[in-house]
Number of protein chains: 2
Amino acid sequence: MNEEVPQAAETTTEAVEQDLPPRRVMANKLRADILNGELPPGSPLPSQRELAEKYGVARNTAAEAVKILESEGLIESRNRARPKVRERRRLLRLGAERYSNRLRNETGLSPFRAEVEKQGKTARVNCTSIERVPAPEEIAERLDLPADDDTVVRRENWYFADDEPVQVGITYIPWAIAEGTVLADSPNMGKGSLYGRFEDRGHRITWIREEIGSRMPTPEETKGLAIPAGVPVIDVIHTGIDQDEKPFEVTTFTMRADLNGLDYRIRIED
Amino acid sequence: MNEEVPQAAETTTEAVEQDLPPRRVMANKLRADILNGELPPGSPLPSQRELAEKYGVARNTAAEAVKILESEGLIESRNRARPKVRERRRLLRLGAERYSNRLRNETGLSPFRAEVEKQGKTARVNCTSIERVPAPEEIAERLDLPADDDTVVRRENWYFADDEPVQVGITYIPWAIAEGTVLADSPNMGKGSLYGRFEDRGHRITWIREEIGSRMPTPEETKGLAIPAGVPVIDVIHTGIDQDEKPFEVTTFTMRADLNGLDYRIRIED
DNA sequence: GCAAGCATCTGGCTCAAGCCAGTTGAGATA
DNA sequence: TATCTCAACTGGCTTGAGCCAGATGCTTGC
């Protein structure tokens with residue numbers, strides 16, 4: 001490096017520090033390095049001790065700066081190994097077409113499988129429990145259950161793409177519909193999967209309602225879905241509605257937001 | 001690879017400490033107190049110094065435990081005041097009906113206003129900039145713009161509910177459509193708002209595509225939307241599509257996830 | 001060429017001490 | 001009664017010291 005070539009404008013740099021505490025200044029500089037490609041995705045950060053020396057702060061402070069970036073989702077640290085700049089993963093895009101009756105009849109696949117395999121990954125679904133329980137209030141409302149008969153079948157499913165857990169779904173089915181069918185007691189749904197069985201019982205999926213929110217995961221979810229720090233979850237309350245406008249099924253999904261997205265095409269009614 | 005599928009078990013309490021580091025144990029106990037109502041929403045936490053003494057740890061450690069809960073979105077700390085248990089706010093529920101042509105013609109309101117006022121709040125929208133720019137790649141794709149003519153009007157809007165900033169939207173409109181209309185230069189859209197003007201130009205909104213994701217906010221977003229720690233944002237890439245299946249507008253929304261949710265009712269095609 | 005063993009390094013976590021700016025509430029003042 | 005002042009307190013943040021378990025990489029022995 002020889003002559004000083006004057007910079008144009010400062011697209012980024014020196015708004016970085018303006019009486020901010022050292023850990024913030026440091027975090028800002030590291031963030032800039034990540035965003036401008038100096039620290040490309042996948043590359044390990046320098047050690048805390050090196051960073052501390054480089055920026056003239058205590059190791060503690062350096063660690064805090066790193067933690068800031070971690071909480072922003074820019075950095076991933078695994079156990080006690082070097083933290084790395086997080087790689088942007090390709091999202092699973094979940095649309096409404098996956099519920100299509102035609103698609104189901106043609107492929108015989110469940111909505112999740114259909115979607116994941118379309119995107120070139122390997123799908124796996126684990127049904128971890130099937131129980132008969134009284135419906136939680138939120139669910140009873142959406143299923144229009146009478147107060148004196150709110151028994152539902154609760155089915156818990158874990159969804160994997162390429163052997164990585166990506167979401168959990170809990171399906172609630174009115175007992176009146178599930179009774180005496182595989183819905184009530186078998187993890188194996190057969191051809192056409194869940195919605196095939198609903199159709200057998202006279203409920204053809206015609207509308208869905210999707211209520212979508214996002215929040216930070218609970219500790220249980222963090223553990224169960226192996227969610228890295230700085231990654232939220234997307235919550236979806238999905239209601240299946242049949243040809244007679246009757247809800248026949250509610251599923252609550254909890255999905256890792258770094259691996260899943262939603263993609264809907266919706267007709268606007270006049 | 002044996003995936004860990006956690007069980008229900010442990011409805012709540014005493015898995016709390018099992019060789020976890022003190023700050024975790026402490027966080028778990030505090031979390032339990034919050035979830036079981038001992039510390040109701042809105043109530044202030046004891047001071048760090050009190051907590052430290054109560055749990056027999058250094059103040060530093062107590063502060064870290066609090067920070068854990070903050071990052072989970074359970075606690076809100078404002079500047080240098082006592083942290084409080086976060087109150088669950090009512091969500092703005094954004095559906096697709098707000099784009100309805102009939103609704104627009106009847107009320108003359110923009111989609112956001114229609115939705116917010118329906119929910120009994122006061123809506124305000126600030127148009128902070130209108131520029132003519134080349135379309136970012138993501139946008140050009142969705143608008144089907146030819147590479148040699150990718151000029152768009154970029155309109156930045158800030159949305160407030162009851163005077164609180166809840167989302168930002170950036171709308172991109174092909175220059176060919178905006179040229180010579182208020183779309184190109186005026187913050188004031190007139191009756192029927194944005195989509196009224198599109199209709200004037202022969203583009204009646206018929207379909208929308210909504211691509212939804214979630215992530216932690218950038219520092220700019222945190223500042224601009226006054227997002228508390230532990231709250232993610234919901235990203236929506238919204239594409240407006242007309243009666244001829246032509247996209248005529250793309251808007252990217254960034255919304256506070258603690259104040260906004262989405263609620264779609266979607267017809268399943270056979 | 002390969003596996004096992006081992007010393008080194010790293011991040012996770014805790015502590016005690018301390019400074020500072022902003023919040024808070026009680027009491028004084030108008 | 002309403003406003004102002006001010007001292008006490010609070011959380012934010014930093015430091016430097018230190019312990020530990022796990023990751024890492026080199027060396028040794030087969």
Side-chain angles (χ1 to χ4, degrees), chain A residues 16-31 34 39 42-72 74-86 219 222-223 226-230, chain B residues 16-31 34 39 42-72 74-86 219 222-223 226-230:
Chain A
V16 158
E17 48 181 314
Q18 39 176 354
D19 287 341
L20 289 174
R23 63 159 163 214
R24 303 265 172 207
V25 177
M26 203 177 147
N28 288 351
K29 287 183 178 162
L30 280 175
R31 189 186 305 107
I34 292 174
L39 288 170
S43 64
L45 262 60
S47 82
Q48 290 179 357
R49 289 162 175 90
E50 283 167 21
L51 285 173
E53 195 185 8
K54 174 169 172 191
Y55 288 95
V57 297
R59 176 162 78 105
N60 255 335
T61 304
E64 299 233 29
V66 172
K67 212 189 281 181
I68 289 175
L69 298 184
E70 195 184 356
S71 78
E72 290 176 11
L74 290 173
I75 281 181
E76 189 162 13
S77 32
R78 192 188 98 244
N79 214 351
R80 234 149 286 213
R82 273 290 180 75
K84 292 185 194 305
V85 177
R86 176 171 299 157
T222 300
K223 207 172 138 198
I227 307 181
Chain B
V16 157
E17 48 180 314
Q18 38 175 354
D19 288 340
L20 290 174
R23 63 158 162 216
R24 302 268 171 202
V25 176
M26 203 178 147
N28 288 350
K29 287 183 176 162
L30 281 174
R31 189 187 304 108
I34 292 173
L39 289 170
S43 63
L45 260 60
S47 82
Q48 290 179 358
R49 290 164 175 88
E50 282 166 21
L51 285 173
E53 195 184 8
K54 175 170 170 190
Y55 289 94
V57 298
R59 176 161 81 102
N60 254 335
T61 305
E64 297 232 32
V66 172
K67 211 188 283 182
I68 289 175
L69 298 183
E70 195 184 356
S71 77
E72 290 176 10
L74 291 173
I75 281 180
E76 189 161 12
S77 32
R78 195 188 95 244
N79 216 349
R80 235 148 286 215
R82 273 288 181 76
K84 291 185 194 305
V85 178
R86 176 169 299 157
T222 300
K223 208 171 140 198
I227 306 180

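- Residue pairs meeting the side-chain hydrogen bond (donor to acceptor under 3.5 Å, both in side chains) criterion with at least one member in residues 60-72 of chain A, sequence neighbours excluded: A:R23-A:E64, A:R31-A:E72, A:E64-B:K67, A:K67-B:E64, A:E70-A:S77.
- Fit an axis to the five pairs at each end of the helix from C:dG1-D:dC30 to C:dA30-D:dT1 and the two axes sit 20° apart, to the nearest 10 degrees.
- Evaluation of the salt bridge (Lys or Arg N to Asp or Glu O under 4.0 Å) test over residues 48-58 of chain A, restricted to residues two or more places apart or in two chains, returns none.
- One finds no side-chain N or O of A:Q48 lying less than 4.0 angstrom from the OP1 or OP2 phosphate oxygen of C:dC9.
- The nucleotide range of DNA chain D contacted by chain B, defined by atoms under 4.0 angstrom from heavy atoms of the protein and reported 5' to 3', is D:dT10 to D:dT15.
- Distance B:R23 CZ to C:dC15 C1': 13 Å, rounded to the nearest Å.
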Counting primed atoms, P, OP1 and OP2 as sugar-phosphate and everything else as base, the B/S/- map of nucleotides 21-27 of chain C against protein heavy atoms under 4.0 Å is BSSS---
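- Between the CG atom of A:L51 and the P atom of C:dG11 there is a distance of 8 Å, rounded to whole Å.
- Computed from coordinates, the A:L45 CG to C:dT10 C1' distance equals 13 Å when rounded to whole Å.
- Applying a 4.0 Å cut-off to non-hydrogen atoms, the residues of residues 59-70 of chain A that approach DNA chain C are A:R59, A:N60, listed by residue number.
- Applying the salt bridge (Lys or Arg N to Asp or Glu O under 4.0 Å) test to residues at least two apart or on different chains, the pairs with a partner in residues 77-86 of chain B are B:E76-B:R86.
- Nearest-nucleotide positions on DNA chain C for B:R49 and B:G56 put B:G56 closer to the 5' end.
- For the atom pair CD1 of A:I68 and CG of A:L30, the computed distance is 10.0 Å after rounding to the nearest 0.5 Å.
- Qualifying side chain to side chain contact (heavy atoms under 4.5 Å, CB included) partners for B:I34, counting only residues two or more places apart in sequence or in other chains: B:L39, B:L69, B:L74, B:I75, B:V85.
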